[in-house]
Amino acid sequence: MKLKNRLVYVLAVLITLPLLGTVAPAATITVLETFDFPGAGNNTLPQKINDHMTIVGSVIDSAGVTKGFLRFRSGNFSDAFVEPNDTGNLTNGRSVNNAKVVVGEYLNGTDGTLHGYRRLHLTFKEYDVTDAVSTIPLGINNVGDFVGSVVLSDGTQSAFLSLSGNVTMFNITDATATLAYSLNSSQQAVGYYVDAAGVTHGYLRASDGTLTFPIDPAGSTGTILFGNNDLNWVVGRYTDSSGVTHGLFFRTPNDIMTFDFPGAAGFTSLNGINQNGYVSGRYLDSAGIAHGFVGIIGTGTAQPEQSKSPVTPVKPAYPVRLGAPAL
């Protein structure tokens, strides 16, 4: 199969009527700290956060090489890690559970396929769904079950769940790609899918398999849901018609709250949420460099003070690999 047919990991949009969430004026999220993986010119892309405040993510250096990392409650970082079979300069850290088991994917530079791994105490174990051309694990819960997305030999892309070792695949109706990004301990999953127009929409999957979709804030031109906790609180991001990307949070999809990091240059993403309401995310500065932050969801109604000047979105300085699942 041709490489271009294998890597159809693009995001998409639905032409049916969306399940529009009402966007509240501001999320009740307070920024606690910002952080960057050590080194000049690095882009820091945090992903999930566990209940012990360990954050997993990816760091992209000035040469465009992507490696995984862990950041601990103390603020210290692990060494950047690379899956031993990575021959394409891409190892992503996607999710970490309370036992510090990490899942993610790496790139085979020879054929352009992606393959999964699990990492514990510096030891990697490769993982591929049977008969899949590419396997991308994206979320793991505290009992060790995990979710992600696969590309099959016919070029289709489906979401999958691995529950006690048993794999189930599913797709959103009429989607060109479906990706499962997070799974809580009640086996409730969240993710996004791509419609025939190439627009992304969020969805929820209940433990009994019931799918709720599309989930889009009002005015969204593309929505991605990244994480849910054991209360099924959900975080993600969406882009509006002016090209500005906002973080989002909701307890129910009919009451979506939006969050912009103070001073961000048109891009804020909320990528993980733990049981205690702490969130991990990132923002872009005016040079297009990505920085990480930790916040907490509060009970008030105001967000931190931020600039009232018009926001001009900037493009990230790190390379964008077309077709790869969103970070």
**Prompt:** Is a side-chain donor or acceptor of Ser207 paired with a backbone partner of Gln187 at a separation under 3.5 angstrom?
**Reply:** no
**Request:** Taking the six-membered ring for Trp and the full ring for Phe, Tyr or His, determine whether the centres of Phe293 and Phe261 are under 6.0 Å apart.
**Result:** yes
**Prompt:** Do you reckon Val147 sits in the same ILVMFWY cluster as Ile172, going by side-chain contacts under 4.5 Å, direct or chained?
**Reply:** yes
**Request:** Would you indicate whether the side-chain heavy atoms of Thr135 and Pro137 approach each other to under 4.5 Å?
**Result:** yes
**Asked** If every non-hydrogen atom of Asn50 is compared with every non-hydrogen atom of His52, which pair is closest and at what distance?
**Response** OD1-N, 2.9 Å
**Message:** For a quick test of reading the model, state the closest non-hydrogen atom pair linking Ser182 to Asn228 and the distance between them.
**Reply:** OG-OD1, 2.7 Å
**Message:** Quick check with a 6.0 Å cut-off and a 45 degree axis cone: is Arg118 positioned over the face of Phe124's six-membered ring?
**Reply:** no
**Request:** Could you tell me whether the side chain of Tyr181 and the main chain of Ala326 form a donor-acceptor pair under 3.5 Å?
**Result:** yes
**Message:** Parallel, tilted or perpendicular, judged at 30° and 60°: which one describes the rings of Phe213 and Tyr193?
**Reply:** perpendicular
**Item:** Joint hydrophobic cluster, Val190 plus Ile256, side-chain heavy atoms closer than 4.5 Å
**Value:** yes
**Message:** Can you see whether Asn141 engages Ser185 through a side-chain donor-acceptor pair at a distance of less than 3.5 angstrom?
**Reply:** no
**Prompt:** Looking just at side-chain N and O atoms, do Ser164 and Asn166 make a donor-acceptor pair shorter than 3.5 Å?
**Reply:** no
**Request:** Consider only side-chain heavy atoms of I, L, V, M, F, W and Y, link residues closer than 4.5 Å, and tell whether Phe69 and Leu138 are in one cluster.
**Result:** no
**Item:** Phe77 vs Val59, side chain to side chain contact (heavy atoms under 4.5 Å, CB included): CA-CA, chis, key distance, verdict
**Value:** CA-CA 11 Å; Phe77 290 88; Val59 55; over 6 Å; no
**Prompt:** Under 3.5 Å, is there a donor-acceptor pair between the side chain of Ser186 and the main chain of Gln188?
**Reply:** no
**Heavy-atom check, side chain of Phe81 versus side chain of Lys67, under 4.5 Å** = no
**Complete:** Heavy-atom nearest pair, Asn229 first then Asn274, reads ND2-O, 2.9 Å
**Request:** Could you pull out the closest heavy-atom pair between Val234 and Leu204, with the gap in Å?
**Result:** CG2-CD2, 4.0 Å
**Item:** Smallest separation among heavy atoms of Ser269 and Phe226, with atom names
**Value:** OG-CE1, 3.6 Å
**Asked** When you look at Thr239 and Thr245, which way does the side-chain hydrogen bond (donor to acceptor under 3.5 Å, both in side chains) test go after all the steps?
**Response** CA-CA 4 Å; Thr239 301; Thr245 298; 2.9 Å; yes
**Message:** Assess the residue pair Lys125 and Glu83 against the criterion (salt bridge (charged side-chain N to carboxylate O under 4.0 Å, His left out)); give the C-alpha distance rounded to whole Å, side-chain angles, the decisive distance to 0.1 Å, and a yes or no.
**Reply:** CA-CA 9 Å; Lys125 183 176 181 180; Glu83 213 288 337; over 6 Å; no
**Prompt:** Going through the checks in order, is the side chain to side chain contact (heavy atoms under 4.5 Å, CB included) test met by Thr66 and Thr91?
**Reply:** CA-CA 6 Å; Thr66 302; Thr91 296; over 6 Å; no
**Prompt:** Transitively linked via ILVMFWY side-chain contacts under 4.5 Å: Val103 with Val150?
**Reply:** yes
**Asked** Mind checking whether Leu270 and Ile29 have side chains closer than 4.5 Å, heavy atoms only?
**Response** yes
**Message:** For Asp79, is the CG atom crowded, meaning more than 12 foreign heavy atoms sit under 6.0 Å from it?
**Reply:** no
**Request:** Give the C-alpha distance, both sets of side-chain angles, the deciding distance and a yes or no for side chain to side chain contact (heavy atoms under 4.5 Å, CB included) between Ile297 and Thr28.
**Result:** CA-CA 6 Å; Ile297 296 171; Thr28 61; 3.9 Å; yes
**Asked** Are Tyr127 and Val101 joined in one hydrophobic group, where the rule is that I, L, V, M, F, W and Y side chains link up if heavy atoms are under 4.5 Å apart?
**Response** yes
**Message:** Quick one, Val102 and Tyr117 - any side-chain contact, counting heavy atoms below 4.5 Å?
**Reply:** yes
**Prompt:** At their closest point, which heavy atom of Ile289 faces which heavy atom of His291, and how far apart are they?
**Reply:** O-CD2, 3.3 Å
**Asked** Hey, is the main chain of Thr210 close enough, under 3.5 Å, to the side chain of Asp208 for a donor-acceptor pair?
**Response** yes
**Evaluation steps, side-chain hydrogen bond (donor to acceptor under 3.5 Å, both in side chains), between Asn85 and His115** = CA-CA 9 Å; Asn85 294 295; His115 303 273; over 6 Å; no
**Message:** Could you go through Ile215 and Phe250, starting from their C-alpha distance and side-chain angles, then the distance that decides it, and tell me whether this counts as side chain to side chain contact (heavy atoms under 4.5 Å, CB included)?
**Reply:** CA-CA 11 Å; Ile215 297 173; Phe250 63 82; 4.1 Å; yes
**Message:** Under a plain distance cut-off of 3.5 Å, with no hydrogens placed, do Glu105 and Asn92 share a side-chain donor-acceptor pair?
**Reply:** yes
**Item:** Phe146 side chain reached by Phe160 side chain, heavy atoms, under 4.5 Å
**Value:** yes
**Prompt:** Is the shortest heavy-atom distance from the side chain of Asn271 to the side chain of Lys48 under 4.5 Å?
**Reply:** no
